[in-house]
Visitor: 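This is the structure, below, for whatever I ask next.
The sequence lines fix the lettering, A, B, ..., with proteins before strands; numbering per chain opens at 1.
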Amino acid sequence: MVRTRFAPSPTGYLHIGGARTALFNFLFARNQGGKFILRIEDTDVERSTDESVQAILDGMNWLGLSWDEGPFFQSKRMDRYKLYAERLLEEGKAYYCYCQPEELQERRERALKDGKKPTYDRRCRERKDVPAGLTPVIRFKAPQEGQTIVEDLIKGTVVFNNNELDDLIIIRSDGYPTYNFAVVIDDVDMAITHIIRGDDHLNNTPRQIQIYNALNFPVPKFAHVPMILGSDKTRLSKRHGATSVMAYKEMGYINKALINYLVRLGWSCGDQEIFSMDEMIEKFNIENIGKSAAVFNPEKLLWLNSHYIKTMDIDELLEISLEYFKRKHEILPERDVMKRIINSLKERSKTLVELADSSGVYFYDDFDYDTESVKKFFPDRNSSILSYILEQVKKKGLADEKDFESLVRGTAELFGVKVVVVAQQIRIALSGKTVSPSLYDIISIIGIERTIRRFERFMDFLSKG
RNA sequence: GGUCCUAUCGUCUAGCGGCCCAGGACGCUGCCCUCUCACGGCAGAAACGGGGGUUCGAGUCCCCCUAGGAUCACCA
């Protein structure tokens, strides 16, 4: 049975890179009929916060990445790490080290200055005495000869010389385990079969394999996925814009669009660009994950978002866009009117924020008139075309869109002007601008009464010069 | 600096020795559609980092160079 995991440290929100790692783990588990486990790596007491834990959970939930087990917390598993550290100690595979952080730091810097490798010199390895007043750390006795080989599902076979790897600390002086140790114990306890994570961990992998070996644990399969880079090809960070998953929700992105964007960043399935969650699960595989880093491209994400806005079921679109409309307007019309509003706006909105922002024309009757537009389409402030149309509407009403169109065309012909001119004059009267949704959409949604009022208000405005 | 990873249009990518004078997508440009803005449709510009091999044949395999990235903590 395949078991994968996502193991973030709660030192901030769920970011784009983490979300993609989580997604790949999720998809692989689902594709294989396995389990997806969530684990919080909070052994760094200084930097871990409860808010971050919540932020990560929120992000996962919004993206729809549901986990089967957990969340497990490393901070609640201290006895497990202690147990195995002691076992290594007993078997002579680990030892106490009394070197203090300051002196280690100093030695590292000196080595670096002399152009040497800044590795730990193993000086406490054979130490027998117990210095008073010093709390020790526990170090892993790493093999000094031979090689450690990582068989990576994405990168292939990667060979590390053991003399490159030093005796890493597995238990800190405060009793907390370090990452490379805790991660091994956890993955074994949770029976993880496939470790899919960012390739910034590739260099850690041989150390972890050595610990698996020392403890006689079976080594899981590794798949190191390439990083996500910013537009300047450096690691994606705040400098490149929003990196928090929830910030994208704030900006009006749809979870499905973000997921869809993320899955295609580093993974492909022929020429297919659009994937539903079910399709992703069905088609996802590790073989088609690329080997090189990918640059995050906000334009493509925006395109996907607008695609989902355009093609999404209207009821669903209404549901998810409601909160954005509520942010913008005190009261909202009833459901079916909202649907018509959204339908008229969705073709020209790339985000849900844009969708809500562009809805003003349906909500307010007391808008300002854009001076440039008025100047352009009413150079002598003549409202005769509008008053003719108003007259016709009052007399005959408007049956449907066809009716409206023939009225506009008929009017254009009658006054000897282009259809565009008539349309734009109406548009300005109805919206104050030269850009708006389709005229008949506006008229039919706000109703004939408000349409007439807007006409009269504008003609009044014109006459006052 | 050591170690490790990577290298096809600006970007995401297809390509797993001949189907490639390299395909798709975003973006860009032009045209069409059109009551504006959009949507949509059509067309176009745009790439195998460089050098050596292997082979009848290389974007595809090997080596070197170059360029990016990652990592070298009592962070994860």
Side-chain angles (χ1 to χ4, degrees), chain A residues 7-11 41-44 46-48 74 97 99-101 104-105 108 112 115-120 135-139 150 152 154-156 158-161 164-166 168-180 182-183 198-206 224 226-227 229 231 233-235 261 264-274 287-288 290-304 306 310 345-350 358 373 404-405 408-409 412 418-428 431 433-440:
Chain A
S9 63
T11 54
E41 309 217 320
D42 57 349
T43 53
D44 184 351
E46 302 277 302
R47 300 196 302 151
S48 299
Q74 289 188 323
C97 169
C99 300
Q100 295 304 294
L104 288 170
Q105 179 69 23
R108 240 194 319 271
L112 228 39
K116 285 188 234 152
K117 274 183 267 184
T119 51
Y120 176 64
T135 41
V137 299
I138 300 176
R139 278 186 190 272
V150 179
D152 194 88
I154 293 171
K155 306 282 186 181
V158 186
V159 180
F160 293 86
N161 282 319
E164 296 291 338
L165 279 15
D166 57 359
L168 75 160
I169 293 170
I170 56 174
I171 301 287
R172 299 190 279 232
S173 53
D174 63 3
Y176 278 84
T178 56
Y179 167 73
N180 280 304
V183 83
D199 70 3
D200 48 336
H201 286 290
L202 186 56
N203 288 312
N204 283 322
T205 309
H224 286 95
M227 306 258 76
L229 274 25
S231 48
K233 303 222 175 190
T234 63
R235 198 183 178 137
Y261 178 70
R264 281 285 291 106
L265 202 57
W267 177 80
S268 62
C269 184
D271 285 339
Q272 188 170 349
E273 295 286 350
I274 308 294
E287 300 85 75
N288 286 349
K291 300 168 87 161
S292 53
V295 173
F296 186 82
N297 183 210
E299 275 83 34
K300 188 159 183 181
L301 171 58
L302 201 57
W303 169 74
L304 273 164
S306 67
K310 277 178 298 208
L345 259 22
K346 67 180 185 183
E347 299 284 287
R348 68 206 89 217
S349 305
K350 289 186 189 299
S358 60
S373 306
F404 172 70
E405 248 172 54
V408 172
R409 287 181 197 287
K418 284 183 181 167
V419 175
V420 199
V421 174
V422 177
Q424 288 299 66
Q425 289 202 354
I426 297 173
R427 193 180 311 283
I428 292 166
S431 73
K433 297 173 301 214
T434 49
V435 175
S436 82
S438 177
L439 292 176
Y440 191 72

Visitor: Would you kindly check whether a donor in the side chain of A/Ser438 faces an acceptor in the base of B/rC35, or vice versa, at under 3.5 angstrom?
Guide: yes
Visitor: Checking one value: the base orientation of B/rC62, syn if chi is within 90 degrees of 0, otherwise anti.
Guide: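 Chi for B/rC62 falls in the anti range.
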Visitor: Which base, if any, makes a Watson-Crick or G-U wobble pair with B/rC48, both distances under 3.5 Å?
Guide: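 Partner of B/rC48: none found under 3.5 Å.
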Visitor: B/rG69 and B/rG49: how far apart are their C1' atoms, nearest whole angstrom?
Guide: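 Roughly 16 Å separates the two C1' atoms.
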Visitor: Go through B/rA70, B/rC12, B/rU36 for me and flag the one nearest to the A/Arg427 side chain.
Guide: B/rU36
Visitor: Both distances below 3.5 Å, Watson-Crick or wobble geometry, any strand: find the nucleotide opposite B/rA22.
Guide: none
Visitor: Answer with yes or no whether A/Gln272 presents, from its side chain, a donor or acceptor under 3.5 Å of a partner atom in the base of B/rG24.
Guide: no
Visitor: Now, which nucleotide makes the Watson-Crick or G-U wobble pair with B/rU71, with each of the two distances under 3.5 Å?
Guide: B/rG2
Visitor: So what's B/rC42 paired with, Watson-Crick or G-U wobble, going by both distances under 3.5 Å?
Guide: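 Base partner found: B/rG30.
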Visitor: Kindly point out which of B/rC35, B/rC5, B/rU36 is positioned nearest to the side chain of A/Lys155?
Guide: B/rC5
Visitor: Where the side chain of A/Ser292 is defined as all heavy atoms beyond and including C-beta, which of B/rA76, B/rC12, B/rA7 is the nearest nucleotide?
Guide: B/rA7
Visitor: Counting only side-chain heavy atoms from C-beta out, which of B/rC39, B/rG27, B/rC12 sits nearest to A/Glu347?
Guide: B/rC39
Visitor: Under 3.5 Å for both donor-acceptor distances, Watson-Crick or wobble: does B/rA7 have a partner, and if so which one?
Guide: B/rU66
